[in-house]
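Notes for the one structure printed next.
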Amino acid sequence: MKQPAIKISHSSLGTVATLALALLLGATAAAAPVWLDELDLSKTSQGWGEAHKNKSVDGHALTLGNVVFEHGLGTHAESVLYLNLQGGAEKFSATVGVDAEVNNDATSVEFSVIGDGKTLWQSGVMRAGTPAKALEVNLTGIKNLILMVGDAGDGINYDHADWANAKFEISGARPETVAAPHEDAVILTPPAPPTPRINGAAIFGVRPGHALLFMISATGVRPMTFSADHLPKGITLDAKTGLLVGALAQPGEYVVTLHARNQFGTDQRALKIVCGDQIALTPPMGWNSWNCFAGAVSAEKVKAAADALIKSGLQNHGWNYINIDDFWQTHRDSKDPTLQGPARDAAGRILPNPRFPDMKGLADYVHSKGLKIGLYSSPGPWTCGGCVGSFGHELEDAQQYAEWGFDYVKYDWCSYSPELEAKRGSATNLGVIKSWSAAAPKKLTEQMYPYAVMQAALAKADRDIVYSLCQYGMGDVWTWGAQVNGNCWRTTGDITDSWGSMAGIGFAQAGHEKFAGPGHWNDPDMLVVGKLGWGSLRPTRLTPNEQYTHISLWCLLASPLLIGCDMTQLDEFTLSLLSNDEVLAVNQDSLGKQAGRIAKNGDLEVWAKDMADGSKAIGLFNRGTTETGVEVKWTDLGLTGKHLVRDLWRQKDLGTFADAFKASVPRHGVVLIRVGK
Ligand code: GAL
């Protein structure tokens with residue numbers, strides 16, 4: 001039986017204790033207590049939810065074990081709160097632990113108190129049920145304090161963390177919470193040269209008989225003309241735009257040499273077209289409407305995004321998908337007339353809402369720019385936003401998507417359940433059970449089932465459609481996503497633009513690398529750079545170094561790269577993050593390996609990825625709050641001898657190094673290098 005909770009009210013106790021102590025010591029001016037919750041806690045940055053004063057992150061009473069606390073901060077890893085002590089603080093004390101509202105094996109956090117760059121106290125790893133720990137830290141002489149909760153290395157799921165009873169003893173000015181230190185947005189990406197340079201994927205998959213559309217991505221001054229040697233029969237090239245279209249009748253590998261020429265020079269590069277079962281041989285790169293527009297998306301905004309992708313020059317760096325997320329369908333119960341209308345026609349075909357009057361016209365428009373187009377649905381009757389989903393209509397939907405000319409489907413989980421599945425008649429299961437049991441290497445689980453149904457429907461469509469699973473990693477989707485022909489699968493819940501969320505998700509991908517490869521990628525969710533905000537636009541809350549970490553890590557992880565910002569409001573810094581061809585080449589590398597974590601020392605991590613040319617792309621990351629040296633040892637990479645090191649963001653050789661390479665890495669920052677070739 002659960003013990004009755006003990007309630008601790010320190011409002012008077014603390015003062016009494018301080019006074020008693022002062023009397024005992026004969027002090028004339030006692031240090032006065034200041035509760036952490038008296039300060040502005042809205043400056044807390046965290047990985048999920050909102051920080052609460054005197055409440056847990058879920059809004060319950062702060063509870064550690066069976067003790068309820070009246071004072072404190074309820075937060076969620078990864079959490080960072082900066083304080084300026086203003087010279088007056090003498091002591092900080094608190095009782096910390098995982099709030100009793102969670103009881104989950106995935107929970108693990110580590111609390112740290114950092115003063116002027118030095119770790120003053122650390123809790124060690126604490127899990128659900130670990131007894132609370134009391135801390136008391138002497139602050140004499142300390143100017144700046146950071147209260148941090150890390151994810152203890154395994155991602156942020158269920159990491160509800162309490163700084164209970166947290167208070168300062170002060171003898172002068174009161175401490176203040178402050179914003180993270182300012183960083184200048186320094187652009188590292190050098191401008192592309194005026195000469196032609198062919199970028200983007202060097203390998204491309206297409207299924208026999210299906211429409212091929214591949215735009216040669218090339219930087220350099222226009223006009224530019226394109227040509228290709230050894231183009232297979234059925235494929236033509238537009239010499240002015242660099243667009244390859246057509247279809248291949250026979251499976252096989254076709255190696256084409258692409259040429260680009262302008263008034264300043266020429267470039268050439270091999271493109272391997274693989275005609276077979278697999279598509280998405282490199283991670284998809286493009287834009288998705290959710291992180292900026294959420295439920296306010298419209299055909300005009302989608303067109304504007306396509307136009308901006310071209311105008312900004314991003315297409316020349318390999319970006320090519322324009323994906324509509326939720327809210328192109330009609331809504332279950334919205335009062336907004338632009339979301340109303342019949343859900344389906346008499347034949348069961350899905351009908352878009354009035355904001356999308358002509359889906360085929362929109363797809364044609366996007367294709368006319370040499371781009372591809374995607375949309376979103378859910379296996380339940382309703383999507384996560386409450387729009388019409390695909391349950392019972394998978395076949396009609398897949399056929400409709402193909403007829404409209406869509407190239408990408410993101411398929412969620414909302415409103416689906418095994419109980420609902422039990423009600424499905426065999427007429428709409430598309431023979432999944434039968435075909436699966438004949439070929440399945442593994443039992444079809446409840447979680448796989450709806451994805452196998454849509455897979456069967458997409459397989460009947462006469463079109464290559466990238467199949468993106470979005471069920472947040474349930475049932476270890478990385479172990480079976482490829483079995484339902486998923487081209488990518490979300491490994492996590494939704495990302496947001498905080499350090500805690502981005503780093504908590506990104507660094508938790510360690511170990512998933514063995515499940516990724518050409519045609520099937522782990523997806524740690526979309527990019528949170530630029531102006532975004534899920535319907536009300538604002539600049540990303542990630543600092544410039546955090547943004548470098550985000551892009552570097554997602555490239556190393558061979559993640560799909562889907563820009564989440566308003567493309568019409570790209571600033572120079574954001575553009576520079578998205579247009580560094582040497583960095584993007586790490587993501588698009590033909591070998592299709594995902595980086596793994598090869599070393600970890602506290603907040604310092606080294607991640608490495610094997611590249612097709614035998615070199616290694618390496619990220620030296622500093623998850624800590626002060627600039628620190630991070631080293632990669634050649635032995636950890638299986639290398640010996642001397643190697644040339646190239647800085648990928650600066651596109652600059654740094655010299656030849658024996659045994660190891662060490663760089664100073666800023667707070668929450670990265671140095672991304674390539675070694676070994
Ligand atoms: C979520 C999904 C988001 C977005 C949203 C739309 O489940 O993770 O990326 O697609 O649904 O409602």
Side-chain angles (χ1 to χ4, degrees), residues 47-49 155-157 283-284 286-298 301-302 305 321-334 336 339 350 352-353 355-356 373-391 397 401 406 408-417 447 450-451 454 466-475 477-478 481 486-498 501-502 504-506 508-509 521-530 532-536 540 550 554 559-566:
W48 184 86
I156 62 172
N157 287 352
W287 173 83
N288 173 294
S289 58
W290 186 250
N291 290 354
C292 49
F293 302 131
V297 68
S298 66
K301 286 178 180 157
V302 172
Y321 281 96
I322 294 290
N323 291 353
I324 314 166
D325 208 280
D326 208 352
F327 285 86
W328 62 268
Q329 322 85 324
T330 57
H331 199 272
R332 182 179 44 205
D333 49 18
S334 171
D336 179 345
L339 292 173
I350 188 150
N353 66 42
R355 298 177 189 170
F356 291 87
I373 186 160
L375 50 60
Y376 161 100
S377 189
S378 195
W382 307 107
T383 66
C384 298
C387 297
V388 176
S390 294
F391 184 75
D397 284 2
Y401 304 158
F406 276 76
Y408 194 113
V409 175
K410 172 177 172 182
Y411 206 46
D412 213 307
W413 172 266
C414 281
S415 81
Y416 178 83
S417 68
Q447 273 161 351
Y451 296 98
M454 186 48 106
V466 171
Y467 188 26
S468 154
L469 279 46
C470 175
Q471 44 80 289
Y472 339 114
M474 288 184 305
V477 61
W478 42 90
N487 295 115
C488 51
W489 44 81
R490 279 270 297 277
T491 55
T492 76
D494 287 15
I495 197 169
T496 183
D497 57 330
S498 71
S501 169
M502 185 278 290
I505 288 175
Q509 301 305 309
W521 311 101
N522 290 304
D523 175 3
D525 206 1
M526 300 175 286
L527 301 177
V528 281
V529 299
L532 37 76
W534 296 268
S536 55
T540 179
H550 184 23
W554 264 237
S559 164
L561 297 178
L562 291 170
I563 303 169
C565 67
D566 181 351

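Atoms within each ligand, like the ligands themselves, are counted from 1 in listed order. Heavy atoms only: backbone and side chains are in, while hydrogens, waters and symmetry mates are out.
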### Least distance between heavy atoms, Ile505 atom then Gly493 atom
CD1-O, 4.0 Å

### Query
Donor-acceptor pair, Ser289 side chain versus Asp325 backbone, under 3.5 Å?
yes

#### Entry: Side-chain donor or acceptor of Asn353 paired with backbone N/O of Gln329 under 3.5 Å
yes

With a cut-off of 4.0 Å, which atoms of ligand 1 are near a heavy atom of [X]?
| X | result |
| --- | --- |
| Cys470 | 2 (C), 8 (O) |
| Gly385 | 12 (O) |
| Lys410 | 3 (C), 4 (C), 9 (O), 10 (O) |

### Message
Using a 4.0 Å heavy-atom cut-off, which part of Trp413 comes near ligand 1: side chain, backbone, both, or neither?
### Response
neither

Considering heavy atoms of the protein only, find what lies nearest to [atom] and give residue, atom and distance to 0.1 Å.
| atom | value |
| --- | --- |
| atom 8 (O) of ligand 1 | Asp494 OD1, 2.5 Å |
| atom 2 (C) of ligand 1 | Asp412 OD2, 3.4 Å |
| atom 12 (O) of ligand 1 | Asp326 OD2, 2.8 Å |

### Task
State if Tyr472 counts as touching ligand 1 under the rule of any non-hydrogen atom under 4.0 Å.
yes

### Query
Should the pair Tyr411 and Tyr451 be assigned to parallel (<30°), tilted (30 to 60°) or perpendicular (>60°) ring geometry?
perpendicular

### Task
Kindly assign one of parallel, tilted or perpendicular to the pair Phe327 and Trp290, based on the angle between their ring planes and the thresholds 30° and 60°.
parallel

### Task
Output yes when the distance from some N or O of ligand 1 to some N or O of Trp290 is under 3.5 Å, and no in every other case.
no

### Task
Answer yes or no: does an N/O atom from Asp325 fall short of 3.5 Å to an N/O atom of ligand 1?
yes

### Query
CG/Asp326 to NZ/Lys410 distance, rounded to the nearest 0.5 angstrom?
8.5 Å

### Task
Test side chain to side chain contact (heavy atoms under 4.5 Å, CB included) on Asp494 and Asp525 and set out the steps.
CA-CA 7 Å; Asp494 287 15; Asp525 206 1; 4.1 Å; yes

